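Since the structure comes first, as structure tokens, the remarks are kept for the end.
Please read these numbers as outputs of a predicted model, since none were measured by experiment.
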Amino acid sequence: MDTRKITEITCPISISDYPEITMAHGGGGRLMNDLIGKIMLRVFSNPILDARHDGAVIAVGEGRLAFATDSHVITPLFFPGGDIGALSVYGTVNDLAMCGAHAKWLSAGFIIEEGFSMETLWRIVLSMAEASMKTGVSIVTGDTKVVDRGKGDGIYINTAGIGIIPPGIDIDPSRITEGDAVVLSGDIGRHGMAVMAIREGIELESTIRSDLAPLDSMVRDLLREELDIHCMRDLTRGGLASGLNEIASMVDSSIRIEENLIPVQDEVQGACEILGFDPLYVANEGRFVVILPRENAERAVEILRQHDSGRQAEIIGFVEKPQYADVLMTSSIGSERIVDMMSGEQLPRIC
Amino acid sequence: MKYVSEYRDRESAIAYADLIRKLVTREWSIMEVCGGQTHSIVKYGIDQLIPNSVTLIHGPGCPVCVTPIELIDQAAEIAGFENVIFCSFGDMLRVPGSITDLLGVKASGGDVRMVYSPVDAVRIAAANPDREIVFFAVGFETTAPVTAAAVLQAEHLGLNNFSLLVSHVLVPPAIEAVLSGEDCAVQGFLAAGHVCSVMGYTEYEPIAEKYGVPIVVTGFEPLDILEGIHMCLKQLEEGRADVENQYLRAVSRDGNRAAIEIMRSVFEITDRKWRGIGRIPDSGFSLRERFAGFDAGKRFEVGSHEVDEPEICISGEVLRGNKKPFECEAFGKECTPERPLGAPMVSSEGACAAYYRYRLSRKR
């Protein structure tokens, strides 16, 4: 495609629909998927990007690399269970792990607002260093920009990372087959509700801690055992529901899960009840799903449970032949419902 | 007791469904008034557990859905004014007016803030004396007392930069509007538990008597709703039409007297237009004359114009319980939660949105 032609493509999201970006376009739901699908993928389309994995998988000589990027714009910068520094490292390391890659090198880009506390910056950088050490990645290049006061939210951090995919690993959603099991690595909704509770000043009896954690060591242990993993996905924005919908939309199958098997901490459930949220859609930062042959699922759960953030791993459902929706759930009382992708972000209810 | 998980227990739900099956001898239609109950019914699949001879009709009890489009336009206009901080509950932000929604106003630079309580808006007003703070006061009798408390607090603090765009609505007149409709198929009601926790249920007693319909004050968890349905059907089968209380753990007959008092001191009853239904006499609250200074409608010069609902949309019939969302031609096609045509698709508690989210077939 030459440049002249590219500029002639008209914007596919009609101006009458959304003349401006709204917060919902970043919420991890259908609007964000539309934005990526109709604007980014359409213009940038190439086989690596079109695979729509958590990271790009690139063949280099005999081997394969994974390449991923993630930007972090969180308020507050420090929250129970983590901070923007650790988050920025684990975010990219986890995306790489979902491709089956060992993260090796990271870049770090800082956009800092004029007047930002030097001491706070130092704490964030130390936290990044600690997170890198834990996951065995090196931050090998970076960039720093300062913007005028009022033009940034304290600090934004972007990281990009490269990891190496060991030979023999073939994680590819197209290998998902009917009968595969869906394994969830732990309880859901903690990160989103931990941040929400602080940001909105919601006082709860006990503090909810973010589930922020590196997933690389769990993934490494899973891959070591030749469990024939077909797909992995970390459950960040949009939560478990969006992650499963993204997977199911890429294959000609449906996924059925069981509500009573999905672990949710009491505090998280309680905070969700107060706000009218569904924990299925709340963000996580240390949880992922693994789709693999049914006969290997019990073993995967055993392996995950040996890790701190995998103690509550469960088989929550199975892949089925295509049904009337991508993701179905047996509700707590035994009836059936669709688990749809959210439109934008969840908004607290009036009553 | 956690007051949540035990009301979602599968074995008890199945046991209740069995009781209902044994009780029912003919076809019955029951309306759950409140959108929160509709949401639970569709989300948990309660309607799949009960016999086919029992039809659940979804009522007009979603305050977000029934807020008239003209008022949303007014809210958007006020929110766009230079010096205004516009505060609203979260789920009103996405409700489309005829031109834009509040999130759109925010994207264009308006200062629109989501709050959890009108009292938060008062706090913002106290902290920003140079700005005009407007709160979008939406909701049934459940949220009205807190709005009233916010007005009294603002008065107490002597704030003159705080005002409200009031759209509070009342449940009993809506039930009467449904019952007096020519084609009303509703034979019994589940009343909204949270509304009754404030108001009690004495005001439903004359309605049950006048129209000969049983009314059961019901909670929101699956077992609450199944028990409410069972109590309502038992009355119908026995030919009774009483007001009964399923939601004993939250509701007393006289309600919360302090809340009622504070509400009556700030608001008076007025006619209100309900989106999708039309004007219902004596169905809402407006500020009493003494508090006129807090009325954003009077404080700001905003246009008021009638807006017609799209012709294809059958939201009025859905809100009155005459049709199910699936019976609408536009459902899931021209009308989706991203681009709603009518009221019940706009809020997550609207019947159309609940069906879209939990029921509509969408696999390619």
Side-chain angles (χ1 to χ4, degrees), chain A residues 16-25 29-31 34 199-202 241 245 248-249 252-254 258-260 264 266 269-270 272-278 321-351, chain B residues 2 4-5 8-14 17 34-36 39 42-49 62-64 89-94 100-101 103-104 106-108 114-116 120 138-140 142-143 192 194-195 222-223 226 336-339 347-349 356-364:
Chain A
S16 60
D17 276 7
Y18 292 100
E20 282 149 341
I21 292 285
T22 70
M23 291 306 287
H25 284 111
R30 193 179 295 121
L31 283 180
D34 265 12
R199 191 151 59 199
E200 307 298 344
I202 299 165
N245 269 283
S249 68
D252 190 25
S253 305
S254 291
E258 169 79 48
E259 185 168 27
N260 285 347
V264 182
D266 284 345
Q269 185 70 48
C272 283
E273 295 294 335
I274 290 168
L275 295 171
F277 282 11
D278 187 338
K321 65 176 189 296
Q323 305 284 330
Y324 61 96
D326 282 337
V327 182
L328 295 162
M329 182 165 84
T330 307
S331 78
S332 54
I333 62 166
S335 299
E336 178 178 292
R337 67 130 147 149
I338 291 172
V339 177
D340 190 16
M341 195 167 250
M342 272 287 195
S343 171
E345 289 175 299
Q346 297 196 89
L347 294 173
R349 282 209 308 252
I350 288 182
C351 60
Chain B
K2 285 183 282 184
V4 177
S5 50
R8 296 175 187 173
D9 178 65
R10 189 172 296 184
E11 280 173 26
S12 313
I14 291 167
C34 169
H39 191 81
V42 185
K43 177 175 174 185
Y44 291 100
I46 294 166
D47 51 341
Q48 297 167 30
L49 288 186
C62 163
V64 176
F89 292 127
D91 48 358
M92 279 309 295
L93 299 179
R94 215 161 25 207
T100 182
D101 58 22
L103 283 179
K106 179 167 181 264
S108 314
M114 182 177 75
V115 294
Y116 296 92
D120 293 341
V138 175
F140 284 102
T142 32
T143 49
H194 57 351
V195 170
L223 291 189
L226 282 163
T336 63
E338 286 85 33
R339 304 202 64 182
S347 152
S348 63
E349 299 206 344
Y356 183 90
R357 188 159 158 202
Y358 299 122
R359 294 288 163 81
L360 179 63
S361 170
R362 257 187 310 284
K363 187 80 184 168
R364 294 146 293 125

With a 4.5 angstrom heavy-atom cut-off, could you sort out which part of [X] is near chain A: side chain, backbone, both or neither?
X	value
Lys43(B)	both
Tyr116(B)	side chain
Ile46(B)	both
Ala107(B)	both

**Asked** Under 4.5 Å between any side-chain heavy atoms of Glu20(A) and Ser108(B), yes or no?
**Response**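 When only atoms from C-beta onward are counted, Ser108(B) and Glu20(A) do touch, with a gap below 4.5 Å.
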
**Counterpart residues, salt bridge (Lys or Arg N to Asp or Glu O under 4.0 Å), relative to Arg8(B) (two or more places apart)** = Glu273(A), Glu221(B)

**Item:** Which residues share a salt bridge (Lys or Arg N to Asp or Glu O under 4.0 Å) with Asp101(B), sequence neighbours left out
**Value:**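 Counting only residues at least two positions away or on another chain, Asp101(B) forms no salt bridge (Lys or Arg N to Asp or Glu O under 4.0 Å).
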
**Prompt:** Under 3.5 Å, is there a donor-acceptor pair between the side chain of Asp252(A) and the main chain of Pro322(A)?
**Reply:**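 No: the side chain of Asp252(A) does not pair with the backbone of Pro322(A).
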
**Request:** Side chain from CB out, backbone as N, CA, C, O: work out which of these in Leu328(A) comes under 4.5 Å of a heavy atom of chain B, or both, or neither.
**Result:** neither

**Fill in**
Applying a strict 4.5 Å limit to non-hydrogen atoms, the region of Met342(A) in contact with chain B is side chain

**Asked** Which value, rounded to the nearest 0.5 Å, describes the distance between Gln269(A) atom CD and Asp266(A) atom CG?
**Response**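 Going from CD on Gln269(A) over to CG on Asp266(A), the span is 8.0 Å.
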
